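To start, the structure itself, in structure tokens.
The first residue in the sequence is number 1, and the count goes up from there. From a predicted model like this one, the values you see are computed outputs, not experimental measurements.
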Amino acid sequence: MNECEELEFNEDDAIRYILDFIPQEDRKGLNKEKIQFVLDAIYDYYESEGLIQEDTAEEASIDEEQMLNFVRKEAEEEQLEISDEQIQLILEGEFEYGVSIGIYEPED
């Protein structure tokens with residue numbers, strides 16, 4: 001990819017991708033609003049950890065357990081009914097979406 005090209009995260013595309021990523025049996029109670037909430041919480045986590053900087057494209061190491069705990073806490077504060085397993089699946093789906101559009105590097 002050309003370094004000048006800007007990678008763009010499209011939330012609508014991400015939500016569709018995540019819904020397709022999550023197995024049907026794990027979607028019970030999930031909807032677009034819950035996925036959107038988790039995506040917003042992921043962004044809040046990145047921001048709180050100083051991982052979002054507009055002028056750089058440096059790789060960052062993400063503590064997945066810490067991010068899950070952050071999202072869970074946000075969900076609890078909003079009294080959002082979502083399981084840890086569903087949060088984890090959304091996190092995994094968001095990562096896979098990011099890989100598919102070139103924002104993230106695939107894991108080895």
Roughly how far apart are Gln66 CD and Ser48 OG, rounded to 0.5 Å? 7.5 Å
Roughly how far apart are Ser83 OG and Lys28 NZ, rounded to 0.5 Å? 11.5 Å
Stepwise side chain to side chain contact (heavy atoms under 4.5 Å, CB included) test for Leu91 and Glu64: CA-CA 9 Å; Leu91 294 175; Glu64 294 176 22; over 6 Å; no
Taking atom CD as the centre, does Glu81 end up with more than 12 heavy-atom neighbours from other residues, nucleotides or ligands that are less than 6.0 angstrom away? no
Any donor-acceptor pair under 3.5 Å from Asn69 side chain to Glu65 backbone: yes
From CA spacing to verdict: side chain to side chain contact (heavy atoms under 4.5 Å, CB included), Asp44, Phe70: CA-CA 9 Å; Asp44 292 345; Phe70 182 92; 3.9 Å; yes
Given side chains that start at C-beta, do those of Asp26 and Glu85 come closer than 4.5 Å, heavy atoms only? no
Would you mind reporting whether Asp63 and Tyr45 have side-chain heavy atoms less than 4.5 Å apart? yes
Going by heavy atoms in the side chains, are Leu89 and Leu30 under 4.5 Å from each other? no
Quick one: does Leu39's side chain get under 4.5 Å of Phe9's, heavy atoms only? yes
Step by step, would you call Tyr97 with Asn10 a side chain to side chain contact (heavy atoms under 4.5 Å, CB included)? CA-CA 10 Å; Tyr97 171 74; Asn10 181 295; 3.7 Å; yes
Mind checking whether Tyr46 and Tyr104 have parallel, tilted or perpendicular rings, split at 30° and 60°? perpendicular
So for atom CD, which belongs to Glu25, do other residues, nucleotides or ligands contribute more than 12 heavy atoms lying within a distance under 6.0 Å? yes
Any side-chain heavy atom of Lys32 sitting closer than 4.5 Å to one from Leu19? yes
Shortest non-hydrogen separation from Glu96 to Phe21 and the atoms involved: CG-CE1, 3.7 Å
Test side-chain hydrogen bond (donor to acceptor under 3.5 Å, both in side chains) applied to Asp84 and Gln88, step by step: CA-CA 6 Å; Asp84 284 356; Gln88 185 62 47; over 6 Å; no
What's the shortest heavy-atom distance between Arg27 and Gln86, and which atoms? C-NE2, 4.3 Å
What do the steps show when you test Phe37 against Ile87 for side chain to side chain contact (heavy atoms under 4.5 Å, CB included), and what is the final call? CA-CA 10 Å; Phe37 178 88; Ile87 293 171; over 6 Å; no
Please enumerate all residues that pass side chain to side chain contact (heavy atoms under 4.5 Å, CB included) together with Glu33, with sequence neighbours excluded. Asn31
Glu11 and Asp40 have their tightest heavy-atom pair at OE2-OD1, 3.9 Å
Without swapping roles, check the side chain of Lys34 against the backbone of Leu80 for a donor-acceptor pair under 3.5 Å. no
Correct closest heavy-atom pair for Gly93 and Ile18 would be C-CG1, 3.6 Å
Between atom CG of Asp13 and atom OG of Ser100, what is the distance when rounded to the nearest 0.5 Å? 9.0 Å
Nearest heavy-atom pair of Ile82 and Ala75: which atoms, and what distance? CG2-CB, 3.9 Å
